[in-house]
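Position 1 is the first residue of the sequence, and the numbers go up from there.
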Amino acid sequence: MIVNGDKVIAGISGGADSVCLLFVLLELRKSLDIDIVAVHVNHGIRGDSARADEEFTVKLCRGHGIKCVVYHENVESIAKKRKQSVEEAGRNVRREAFEKTFREEQGTKIAMAHHQNDNAETLLMNLARGAGLKGLGGIRPVNGNVIRPLLCLTRGEIENYLEKNGYGWCQDETNDEDDYTRNRLRHLVIPVLEQQVNAGAVQHMNEAMEQIRMAWEYMEEQTTRVWNRCVAEMPDKAIQIRKEGYAGQPEAIQKILVRKCLIKAAGAEKNLSIVHVEAVMDLMEKQSGRSRNLPYSVKAVRNYDGVMLKKVAEKAGQQEEKEADSGQYILKVPGITEIKELNLTICSRILEKSKDFSVNQIPQKSYTKWFDYDIIKGNLTVRTRRPGDFLVIDSAGSRQKLKSYFINEKIPADKRDICPLVTDEEQILWVLGYRMSSACMVSDKTNRVLEIKVTEEKRDVRED
């Protein structure tokens, strides 16, 4: 992680984890020729408490001859502008501060204070949200120039080390609240696993993640080995996936290969999910000429050699991202999606649930619904019914076949095949204009709310 001559940019919040990180780096400085620069970000949220943390950190660094670069940000305002949760905006602001200091100070490493408990929480979050094998590998000890020297320690070991050596630290009171998803896992899930399942649960989860990372790295190596046999990169930046080479690979390698091709063609990764990978894989089995429209204006076309991925110029005013042959339309979240074929305009936005939330605030309108955003699996889509579709009809998870629901509600047979459904990767969330599934309903435990409003050109809008 660290060698002679390194200049380490360390994120120091004043909390126990980052204070431990600072003292670990100071110990290493005794035996290695390294320089340390601390970065502290005041998020502008906790008022006097945040100022006290800042003063503590600056004083601590000054006492050990460490330069401390302080950033003052209004994270709540930034979250609104970027249409992100406060939690996500805070992470991005910190990362941007580290990277800015890294450039200006000509650093060689960025050190962060994540530990085993953080990693266990990350695993549970990714597992619950439907991450792939890469996401289940958790936080990596070394990721490019970012290092995490404390990832081998638990939170308890860190605090014991500080207490034993008489080192003080600041306590962020928001860590004791359950407003954020990670805090709920920290306070309500991890303790149950440790106390009622296995005291070494956190350590065992970290060991499992290490094995998953090793498996993922091996699969990536195998994918790299077959890349030239399966993929041709064209002068116009198009990516040709060759059916001949692709067909001979195991399915696991095929999925990684297709995902890498999509990222390369799109020039981005964030909005690409398993549904897009599977759309390309499905296209490989179709006849020549069939196509799919994918995020970032990428079009996948089946040709005689396999599948070609290429960016296309988006038509003026075109908002929808449509999977043409499947009748499936990917919703922009947050954003506006226009589906001309169905004469629908769908507006979505993400809301932070207020502390004085009441169920009376939940809209009771036919074409405006609220969902628990954090438990939705993958991308949201609009499509028509398929065999096996079902609705979750109560909080216990009981299911009803969509066909039975249509019959019970006396929905005319000629309308059942064209009735729009809002779905995630696993199930129906909303029979548009009719009932919601109970699977993603807003509750007292909800952190982020997804609001979806739908208007249809061919009907009289009865609301808003």
Side-chain angles (χ1 to χ4, degrees), residues 1-42 53-71 91 94-122 137-172 200 202-207 209-211 213-214 217:
M1 289 189 178
I2 299 175
V3 297
N4 277 318
D6 268 339
K7 189 169 190 177
V8 183
I9 311 302
I12 310 297
S13 67
D17 311 334
S18 65
V19 170
C20 179
L21 173 64
L22 180 61
F23 280 106
V24 165
L25 293 174
L26 288 170
E27 284 296 317
L28 286 172
R29 192 173 66 171
K30 294 176 182 178
S31 56
L32 290 174
D33 178 23
I34 64 172
D35 193 9
I36 305 167
V37 176
V39 175
H40 179 88
V41 182
N42 185 326
D53 291 355
E54 178 185 329
E55 291 171 2
F56 171 86
T57 302
V58 171
K59 184 178 179 180
L60 178 66
C61 291
R62 186 183 298 126
H64 290 86
I66 300 295
K67 180 177 180 179
C68 184
V69 181
V70 177
Y71 291 85
R91 284 196 303 271
R94 289 192 297 275
R95 186 186 68 250
E96 291 160 8
F98 298 152
E99 291 174 350
K100 183 174 186 291
T101 307
F102 181 82
R103 291 191 302 271
E104 293 179 350
E105 294 290 334
Q106 298 182 325
T108 59
K109 304 286 171 59
I110 296 175
M112 302 176 72
H114 295 102
H115 48 70
Q116 285 195 356
N117 292 69
D118 292 323
N119 213 6
E121 293 157 14
T122 299
I139 304 170
R140 281 150 176 75
V142 178
N143 188 7
N145 56 29
V146 178
I147 61 173
R148 296 176 171 88
L150 305 188
L151 206 55
C152 57
L153 302 174
T154 65
R155 179 179 287 112
E157 288 174 320
I158 287 170
E159 292 181 356
N160 287 340
Y161 166 77
L162 295 177
E163 289 171 355
K164 179 180 177 181
N165 288 280
Y167 301 139
W169 70 87
C170 301
Q171 184 66 40
D172 183 344
V202 167
Q203 181 182 344
H204 295 159
M205 282 190 277
N206 276 267
E207 291 168 351
M209 282 183 280
E210 185 175 359
Q211 293 181 52
R213 287 196 297 272
M214 290 169 62
E217 288 167 4

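Put simply, the side chain of His114 does not reach to within 4.5 Å of the side chain of Asn119, judged on heavy atoms. Counting heavy atoms from C-beta on, the side chains of Leu32 and Val3 never come closer than 4.5 Å. The shortest side-chain heavy-atom distance between Cys68 and His40 falls under the 4.5 Å cut-off. Counting heavy atoms from C-beta on, the side chains of Pro141 and Met1 come closer than 4.5 Å. For the pair Trp169 and Asp17, the minimum side-chain heavy-atom distance is 4.5 Å or more. Between Arg29 and Ile36, some side-chain heavy-atom pair lies under the 4.5 Å cut-off. Side-chain contact check for Leu60 versus Val19: some heavy-atom pair is nearer than 4.5 Å. In this structure, the side chains of Ile12 and Val39 stay at 4.5 Å or more apart for every pair of heavy atoms.
In this structure, the side chain of Asp6 does not engage the main chain of Ile34 through any donor-acceptor pair within 3.5 Å. Between the side chain of Ser18 and the backbone N or O of Ser13 there is at least one donor-acceptor pair closer than 3.5 Å. Judged purely by atom type and a 3.5 angstrom limit, Arg140 uses its side chain to pair as donor or acceptor with the backbone of Gly138. Put simply, the side chain of Asn165 never gets that close to the backbone of Leu162: no donor and acceptor are under 3.5 Å apart.
The pair Lys30-Glu27 counts as a salt bridge, with a side-chain nitrogen and a carboxylate oxygen less than 4.0 angstrom apart. A salt bridge between Arg155 and Glu121 is present, with a side-chain N of the basic residue lying under 4.0 Å from a carboxylate O of the acidic one. Taking 4.0 Å as the cut-off between side-chain N and carboxylate O, Glu104 and Lys100 count as a salt-bridged pair.
The nearest pair of heavy atoms linking Asp53 to Cys170 is OD1-CB, 3.2 Å. Counting all heavy atoms, side chain and backbone alike, Met205 lies closest to Ala120 at CE-CB, 3.7 Å. Closest of all the heavy-atom pairs between Val41 and Ala97 is CG2-CB, 3.7 Å. Considering every non-hydrogen atom in both Ala16 and Glu159, the closest pair reads CB-CG, 4.2 Å. For the pair Leu151 and Gln116, the tightest heavy-atom approach, listed with the atom from each and the gap, is O-CG, 3.2 Å. Pro149 approaches Met112 most closely through the heavy-atom pair CD-O, 3.7 Å.
Around atom CE of Met214, no more than 12 heavy atoms belonging to other residues, nucleotides or ligands sit under 6.0 Å away. Taking a 6.0 Å sphere around NZ of Lys7, one finds it holds more than 12 heavy atoms contributed by other residues, nucleotides or ligands.
Rounded to the nearest 0.5 angstrom, Asn206 CG and Gln211 CD are separated by 11.5 Å. Annotation: the span from Leu22 atom CG to Ile66 atom CD1 amounts to 6.0 Å, rounded to 0.5 Å. We find the SG-CG distance between Cys20 and Leu150 to be 5.0 Å, quoted to the nearest 0.5 Å. Here CG of Asp35 is found 8.0 Å from CD1 of Ile9. Values are rounded to the nearest 0.5 Å.
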- [ ] Give the C-alpha distance, both sets of side-chain angles, the deciding distance and a yes or no for side chain to side chain contact (heavy atoms under 4.5 Å, CB included) between Tyr71 and Thr101.
- [x] CA-CA 10 Å; Tyr71 291 85; Thr101 307; 2.7 Å; yes
TODO: For the pair Asp33 and Asn4, evaluate side-chain hydrogen bond (donor to acceptor under 3.5 Å, both in side chains) and give the outcome as yes or no after the intermediate values.
DONE: CA-CA 5 Å; Asp33 178 23; Asn4 277 318; over 6 Å; no
Task: Step-by-step side-chain hydrogen bond (donor to acceptor under 3.5 Å, both in side chains) determination, Glu207 to Gln203 - done: CA-CA 6 Å; Glu207 291 168 351; Gln203 181 182 344; 3.1 Å; yes
TODO: List the steps, then state whether side chain to side chain contact (heavy atoms under 4.5 Å, CB included) holds for Val69 with Val37.
DONE: CA-CA 7 Å; Val69 181; Val37 176; 4.0 Å; yes
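Using cut-offs of 30° and 60° for the angle between ring planes, the His64 and Phe23 rings count as perpendicular.
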